[in-house]
Amino acid sequence: MRNKKFLAFILAAALAFQALAGCGGSGDKAETKAPTEAAKEETKAAAGETSGQEKKEATGLKVYQISVMSGGAAWGQDEKGFNEACAELGWEGQYLAPSAANTASDMVNLTETAITNGADIIMPCVIDPDTFADVLDRAKERGIVVIGLAAGDPDRCDAMIGTDPVDLGRNAAEALVKAVAEDEEINVCTMQTLLTNTGQNDQRQAFEERLKELRPDANIVSYEECDSSATKAADKLSALYLAHPELNGVVSFDSYAGLGGAAFVEEKSLQDSFHVIGIDDAPEILRAIQNGTMDCTVAQMWHDIGYQSCYLAKTIYEGGDYEYDNGIGTSIIFAEDVDNWVETYGIDMSE
């Protein structure tokens, strides 16, 4: 009997040591900025660590992402990361998007389609929690794992993954201050997808708070939206520039706001006097930085979001430990950083 008790004690100690070893390094957001094979392996390993209450094995699953648009500077990278992870995991992955960008009703219908098709995991961008409420309730009733993609609902989603809004906002402010000379005034507007976008409003708030710390004299002339259209962004900037000749920059919280800003700068030949702080790292954005129509961009690491969303879903599906908020860090890219960034991430600049 004494030997049995001793063996039981040794086994319990070994399990405790193993559990403690599995906690090391969690929450280190800096790792999300290094797109290396080692980082990917760490992501996969973390997804395999469970609380010891594993319910089922995540193999051969039907997994759906429902985004706000097809392709684009941000969501195109998310789709690539999502498809890459699905292939590694042997999942049947489907990436769905509305025909018109940011149409909540269409996105709800696509979520309904995923449920009807027997989805095991659904990752919708919950841009309007009220509109999504009924369909997400039905998903949860069926035992489907639901992860908010860039925008979620804590009452109906198991977790949310996307850009860390505070990190992004602070980096946008730091990028602007670095781009503008110390003796130059700052009179900028911000531009986002929709002014009702909660996540982007959080980013903007963090931007304003950090900007006040760095340049208390800075002035935000206007808050604008572009509905993910570079043309709308350029037109709004043209009108705003006429009304406010002191305007000398735009800070983007939507990829197309930055691209519209770059088009505006090129059209008006304002390369030396109007500052554009972009967002994301699509080839067209990096080219705008190289040709001088955009000062810099804040990369949201959308490929990492798409990729890591699958391993987060795996953890949840298998009954592992996880947190609701899963923020991915951001990086500032100036012209001198582009070549290294392109090489590191394997970005095709001919796209």
Side-chain angles (χ1 to χ4, degrees), residues 61-83 85-86 91-163 165 192-203 225-229 232 253-257 279-280 300 302-303 305-310 312-313 316 324-326 328:
L61 303 183
K62 289 186 176 181
V63 184
Y64 289 78
Q65 276 199 353
I66 296 93
S67 82
V68 303
M69 65 186 300
S70 178
W75 292 99
Q77 296 298 314
D78 168 78
E79 184 178 3
K80 288 181 180 178
F82 170 72
N83 288 332
C86 284
W91 289 357
E92 182 183 327
Q94 295 290 330
Y95 185 89
L96 307 178
S99 54
N102 302 299
T103 306
S105 58
D106 288 351
M107 294 165 66
V108 167
N109 290 336
L110 292 173
T111 305
E112 189 69 64
T113 297
I115 295 173
T116 301
N117 290 345
D120 298 293
I121 296 167
I122 298 176
M123 299 184 232
C125 181
V126 188
I127 59 175
D128 185 341
D130 291 338
T131 304
F132 270 88
D134 288 342
V135 72
L136 294 184
D137 283 341
R138 286 195 294 278
K140 296 308 297 177
E141 288 170 2
R142 298 195 181 196
I144 298 172
V145 171
V146 179
I147 296 176
L149 187 66
D153 178 352
D155 293 328
R156 295 176 173 87
C157 296
D158 296 289
M160 189 185 81
I161 187 168
T163 302
Q192 58 197 74
T193 309
L194 299 170
L195 290 175
T196 55
N197 187 306
T198 302
Q200 290 179 346
N201 287 337
D202 291 341
Q203 296 166 7
E225 63 182 18
C226 68
D227 197 24
S228 296
S229 168
K232 287 183 180 179
F253 296 106
D254 178 292
S255 296
Y256 293 94
I279 195 168
D280 299 320
Q300 293 191 82
W302 276 99
H303 179 278
I305 292 172
Y307 183 88
Q308 293 189 35
S309 68
C310 292
L312 172 63
I316 297 172
Y324 176 80
D325 286 308
N326 297 270
I328 304 299

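All residue numbers refer to positions in the sequence shown, counting from 1.
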- Closest non-hydrogen contact found for Gln65 with Ser309 is NE2-OG, 3.0 Å

- Query: Under 4.5 Å between any side-chain heavy atoms of Glu225 and Gln200, yes or no?
  - Reply: no

- Side-chain contact test, heavy atoms from C-beta onward, threshold under 4.5 Å: evaluate it for Asn326 versus Gln308 and give yes or no. no

- Distance in Å, Asn83 CG paired with His303 NE2, rounded so as to fall on 0.5 Å steps: 9.5 Å

- Message: Applying salt bridge (Lys or Arg N to Asp or Glu O under 4.0 Å) as the test, list every pair that has at least one member in residues 102-111; sequence neighbours left out.
- Response: none

- Item | Inter- and intrachain pairs under salt bridge (Lys or Arg N to Asp or Glu O under 4.0 Å), touching residues 107-129, at least two apart | Glu112-Arg138

- Message: When you compare the side chain of Leu149 with that of Ile161, does any pair of heavy atoms fall below 4.5 Å?
- Response: yes

- Message: Quick one, Asn102 with Met69, criterion side-chain contact (heavy atoms from CB on, under 4.5 Å). Give me CA distance, side-chain angles, the key distance, then yes/no.
- Response: CA-CA 7 Å; Asn102 302 299; Met69 65 186 300; over 6 Å; no

- Between Leu195 and Asn201, the two heavy atoms sitting closest are O-ND2, 3.0 Å

- Message: I need the minimum non-hydrogen distance between Gly152 and Cys157, along with the two atoms involved.
- Response: CA-SG, 4.1 Å

- Worked check of side chain to side chain donor-acceptor pair (under 3.5 Å) between Ser67 and Glu79: CA-CA 9 Å; Ser67 82; Glu79 184 178 3; over 6 Å; no

- Task: For residues Ala85 and Tyr307, report the shortest heavy-atom separation together with the two atoms involved.
- Result: CB-O, 3.6 Å

- Message: Under a 3.5 Å distance rule, please check whether Lys232 uses its side chain to pair with a backbone N or O of Asp227 as donor and acceptor.
- Response: no

- Message: Within the 4.5 Å heavy-atom criterion, are Tyr95 and Asp78 side-chain neighbours or not?
- Response: yes

- Residue pair Asp158 / Lys140, side-chain heavy-atom distance below 4.5 Å: yes

- Item | Sub-4.5 Å side-chain heavy-atom contact between Asn109 and Thr113 | no

- Item | Reported CD1-to-CD1 distance for the pair Ile66 and Ile122, which is rounded to 0.5 angstrom | 5.5 Å

- Task: Write down the atom of Cys125, the atom of Met107, and the distance for their closest heavy-atom approach.
- Result: O-CE, 3.1 Å

- Task: For side-chain contact (heavy atoms from CB on, under 4.5 Å), just list the numbers for Asp153 and Phe132, CA-CA rounded to whole Å, side-chain angles, deciding distance to a tenth of an Å, and then say yes or no.
- Result: CA-CA 9 Å; Asp153 178 352; Phe132 270 88; over 6 Å; no

- Minimum side-chain heavy-atom gap Ser70-Trp75 below 4.5 Å: no

- Worked verdict on Val63 versus Phe82 for side-chain contact (heavy atoms from CB on, under 4.5 Å): CA-CA 10 Å; Val63 184; Phe82 170 72; 3.9 Å; yes

- Task: Over all heavy atoms of both residues, which pair between Pro124 and Val146 is shortest? Give the atoms and the distance, please.
- Result: CD-CG1, 4.1 Å

- Does the side-chain contact (heavy atoms from CB on, under 4.5 Å) test come out yes or no for Phe253 and Asn197, once each step is laid out? CA-CA 10 Å; Phe253 296 106; Asn197 187 306; over 6 Å; no

- Taking the side chain as C-beta and beyond, is there a heavy-atom pair between Pro154 and Met160 under 4.5 Å? no

- Query: How long is the gap from OH on Tyr64 to OG1 on Thr111, to the nearest 0.5 Å?
  - Reply: 11.5 Å

- Query: Out of curiosity, Gln203 CD to Ile279 CD1, how far, rounded to the nearest 0.5 Å?
  - Reply: 5.5 Å

- For the pair Asp254 and Gln192, evaluate side chain to side chain donor-acceptor pair (under 3.5 Å) and give the outcome as yes or no after the intermediate values. CA-CA 5 Å; Asp254 178 292; Gln192 58 197 74; over 6 Å; no

